[in-house]
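When a ligand or atom number is given, it counts from 1 through the structure's own listing order.
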Amino acid sequence: MANNELAEVSIDSLLKENRKFLPNKKFSENYILKDYNTYKRMYNSSIKDPKKFWEKMAATHLVFFKKWRSVFKWKDYKAEWFIGATLNISYNCLDRHVNSDRKNKAALIWEGEPGDVKTYTYQQLYSEVMICANMLKSLGLVAGDKAAIYMPLIPEAMIAMLACTRIGVVHTVVFGGFSSNSLRDRIQDSGCKILFTADGGFRKGSVVKMKEMADEALLETSTIKNVIVVKRTSEKVNMKTGRDLWWHEYSAKQAKVCEAIPLSSEHPLFILYTSGTTGKPKGLLHTTAGYLLGATVTTKYLFDIKETDIYWCTADVGWITGHSYVVYGPLSNGATVFMYEGAPTFPEPDRFWKMISDHKVTTLYTAPTAIRSFIRLGNEYPLKHDLSSLRLLGTVGEPINPEAWIWYNEVIGKKKCPIVDTWWQTETGAAMIAPFPGIMATKPGSATNPFFGIEPVILKKDGTKAKGNEGGYLCIKNPWPYMARTIYGDHDRYKKTYWKEIEGHYFTGDGAHQDKEGYFWIMGRVDDVINVSGHRLGTMEIESAAVHHPSIAECAVVGRPDPIKGQGIVAFITLKKSEKVNSHLKEDISKFIVKEIGTLARPDDIRFTEALPKTRSGKIMRRLLRELATTGVIKGDTTTLEDFSVLEKLREKDED
Ligand code: WTA
């Protein structure tokens with residue numbers, strides 16, 4: 001629901017930004033597109049005839065077992081692309097490279113937090129994936145069945161994802177930082193038959209007890225028949241007889257070969273849960289051909305993949321960024337992926353820079369939050385290391401403030417690496433607005449121009465176009481191949497959320513404006529979704545978790561600007577009549593929310609109040625709370641407020 005006012009999401013520093021950086025000449029010379037005009041020509045033709053454009057892209061970049069009969073159909077908000085064709089994603093990411101000069105090229109270089117390093121060539125990754133697919137088959141899984149993956153960032157997570165795609169099993173990866181309750185809900189919603197997990201993972205020098213969390217989740221699920229457990233930390237874990245299998249033992253019993261099966265273009269590929277405006281996260285369903293095409297071509301053009309690149313996207317595979325830019329996009333392009341298990345600052349704040357120098361990483365794709373925390377740590381850490389291998393930098397997940405952009409450019413990129421600020425969403429599948437490096441001038445804080453075939457428009461609530469550089473709702477005209485096809489089990493919600501808000505357009509939930517040169521500036525969410533460290537959280541989701549706490553009567557959650565995390569979480573809480581505020585209560589509530597959702601939902605600030613400000617119809621006036629949490633002052637219209645005294649009390653509390 002677009003119920004916030006756009007004015008609230010405007011970020012002053014972005015509106016005033018007018019610096020412009022021309023593409024680096026040396027970079028441009030080796031880039032796949034000749035110049036900006038080439039982009040413009042290709043872009044225009046992709047918009048004029050999208051079917052023809054995508055057909056050509058698909059034929060050039062993917063291997064199909066059977067060609068499509070027709071390119072596109074859109075009926076009752078159901079999209080189909082490359083109708084009648086068959087292909088296999090694991091084949092595109094592995095077999096085609098194994099059958100080429102890339103056979104012995106590194107597909108994955110992985111470093112664990114304790115410093116252990118493993119490398120898999122394409123041939124080795126392919127062998128591991130086939131064995132893993134055979135594990136799934138031998139446990140009775142067939143195309144269309146669902147598998148959950150709840151793992152640390154270790155090679156087996158990538159192997160499990162690719163193994164699923166090899167036989168058409170639909171994966172749902174659940175970020176390892178989510179709680180057992182979140183894992184349980186996702187397993188229940190998608191009906192997974194199998195769970196991949198590990199005995200634990202390393203994070204900041206300690207062991208995250210994933211198997212224990214998984215066991216807890218499984219107490220309340222009925223569909224999981226087997227659990228495959230990777231031995232990562234050698235932490236002692238309970239293995240349930242008849243259900244739990246060690247990966248290393250069970251895989252040793254499998255046949256070595258498993259052919260990739262032909263799947264139809266619209267075969268479900270994965271379900272990935274993300275937060276929306278209700279209490280319940282939604283499972284976005286992506287399908288095979290269109291998704292892979294988007295991941296492949298955006299990786300190729302935006303990250304300028306070269307044969308010798310060592311490409312590092314720092315996202316966890318539990319997020320869409322990890323799906324598209326750690327696994328599918330780079331592997332489909334035959335790139336060498338670097339992956340790191342642990343915390344960015346462990347054991348020392350220079351860990352990232354040390355690894356870039358040790359592994360000669362050429363491409364770094366990370367989130368503004370990470371950049372801002374590195375700035376705070378101090379320049380001495382990156383300056384200690386040789387970062388000369390880097391040739392391209394990317395950012396994703398939240399608006400990047402110009403200061404962070406400039407630091408990234410100067411201290412990390414040494415003013416020679418293009419910065420590719422990619423705007424996109426779990427729903428969009430892959431990047432939508434981003435500079436084509438080497439041929440586009442960049443402006444700090446702007447995601448610049450649309451990708452081929454994508455037509456963003458800025459609309460007002462009534463569906464008319466915003467004029468000039470007026471702010472509005474960022475929407476996309478027409479469906480595109482790599483968009484999510486539905487919300488799993490709830491197509492009506494999909495229709496309503498994305499296509500009915502402004503009829504006939506895809507509604508992103510973000511506010512944006514365009515400058516005189518047509519550059520897009522994303523201003524942040526316009527709905528009740530907040531973005532904490534580049535992670536999406538629904539305010540309602542946190543509220544519904546909080547009200548299960550025995551002391552809480554009501555809870556309203558809002559975001560407030562945070563210098564490092566982008567946004568922080570503020571929870572306004574009223575207690576049940578019998579309850580009193582005591583010194584432990586804040587910590588207790590915090591822990592409770594973390595247990596319900598995961599550490600990323602830990603509130604930055606909890607404020608107790610006697611009542612929440614509500615409209616006469618009983619709706620919580622979040623706008624006021626947001627204002628109060630942000631500035632401590634309320635200027636907004638309060639004429640619909642039910643009880644003014646509530647506001648006074650909240651203000652007093654704020655001044656305490
Ligand atoms: C925000 C992550 C500004 C935006 C890929 C979007 C961004 C939400 C950018 C999606 C960017 C992502 N500039 N904002 N470059 N990239 N966002 O689904 O609000 O986790 O709607 O996908 O992140 O988050 P999600």
- Query: K204 and E341: salt bridge (charged side-chain N to carboxylate O under 4.0 Å, His left out), yes or no, with the steps?
  - Reply: CA-CA 10 Å; K204 293 188 191 147; E341 174 188 32; over 6 Å; no
- Hey, is ligand 1 close enough to T508 that some N/O pair sits below 3.5 Å? no
- Note on the structure: Of W319, Y325, W424, W521, the one whose closest heavy atom lies nearest atom 5 (C) of ligand 1 is W424
- Numbered atoms and elements of ligand 1 in range of N531, under 4.0 angstrom, heavy atoms: 1 (C), 23 (O)
- Item | Identity and distance of the protein heavy atom lying nearest atom 23 (O) of ligand 1 | G397 O, 3.1 Å
Which pairs would a plain distance check flag for residues 411-419, meaning a side-chain donor or acceptor within less than 3.5 Å of a matching protein atom at least two apart in sequence or in another chain?
{"from": "K414", "atom 1": "NZ", "to": "V411", "atom 2": "O", "distance (Å)": "2.8"}
{"from": "K416", "atom 1": "NZ", "to": "L390", "atom 2": "O", "distance (Å)": "2.6"}

- Query: Can you list the ligand 1 atoms lying under 4.0 Å from a non-hydrogen atom of I522?
  - Reply: 3 (C), 14 (N)
- Message: For atom 24 (O) of ligand 1, what is the closest protein heavy atom, and at what distance to 0.1 Å?
- Response: R536 CD, 3.2 Å
- Could you check whether the rings of Y301 and F436 sit parallel, tilted or perpendicular, using 30° and 60° as the cut-offs? tilted
- Task: Check I320 against ligand 1 and report side chain, backbone, both or neither, counting heavy atoms closer than 4.0 Å.
- Result: side chain
- Task: Verify the distance criterion only: is there a donor paired with an acceptor across the side chains of K146 and Y488 at less than 3.5 Å?
- Result: yes
- Task: For ligand 1, note which part of V529 has a heavy atom under 4.0 Å away: side chain, backbone, both or neither.
- Result: neither
- In terms of side-chain heavy atoms, does S179 have a donor or acceptor partner in N181 at a distance below 3.5 Å? no
- Kindly check if the number of other-residue, nucleotide or ligand heavy atoms within 6.0 Å of NZ (K465) is above 12? no
- Note on the structure: Only residue of T363, T336, V337, I356 satisfying side-chain contact (heavy atoms from CB on, under 4.5 Å) with W312 is I356
- What atoms of ligand 1 come closer than 4.0 angstrom to any heavy atom of T321? 5 (C)
- Query: Got the closest protein heavy atom to atom 13 (N) of ligand 1, with its distance?
  - Reply: E398 O, 3.4 Å
- State, with a plain yes or no, whether a side-chain heavy atom of P281 is found less than 4.5 Å away from one of R186. yes
- Polar atom proximity, R525 to ligand 1 (N or O, under 3.5 Å): yes
- Message: Tell me whether the count of non-hydrogen atoms from other residues, nucleotides or ligands lying under 6.0 Å of NZ in K280 goes above 12.
- Response: no
- Would you call the rings of Y365 and Y325 parallel, tilted or perpendicular if under 30° counts as parallel and over 60° as perpendicular? perpendicular
- Would you check the N or O atoms of Q425, main chain and side chain alike, for any that come under 3.5 Å of an N or O of ligand 1? yes
- Give the residue and atom name of whichever protein heavy atom lies nearest to atom 6 (C) of ligand 1, and the separation in Å to one decimal. D510 OD2, 3.1 Å
- ligand 1 to D421 polar contact by distance, N or O atoms, under 3.5 Å: yes
- Using a strict 4.0 Å cut-off to heavy atoms of V396, name the atoms of ligand 1 that fall inside it. 5 (C)
- For ligand 1, which part of T422 has a heavy atom less than 4.0 Å away: the side chain, the backbone, both, or neither? backbone
- Starting from atom 18 (O) of ligand 1, locate the nearest protein heavy atom and write down its residue, its atom name and how far away it is, to 0.1 Å. T426 OG1, 2.6 Å
- Just let me know how P399 lines up against ligand 1, side chain, backbone, both or neither, with a heavy-atom cut-off below 4.0 Å. both
- Message: Can you confirm, on distance only, whether ligand 1 has an N/O atom lying under 3.5 Å from any N/O atom belonging to T274?
- Response: no
- Message: Could you report the tightest heavy-atom contact between G318 and L272, atom names first, then the distance?
- Response: O-CD1, 3.6 Å
- Message: Which residue is it: H286, H491, E266? I am looking for the one with a side-chain hydrogen bond (donor to acceptor under 3.5 Å, both in side chains) to R485.
- Response: E266
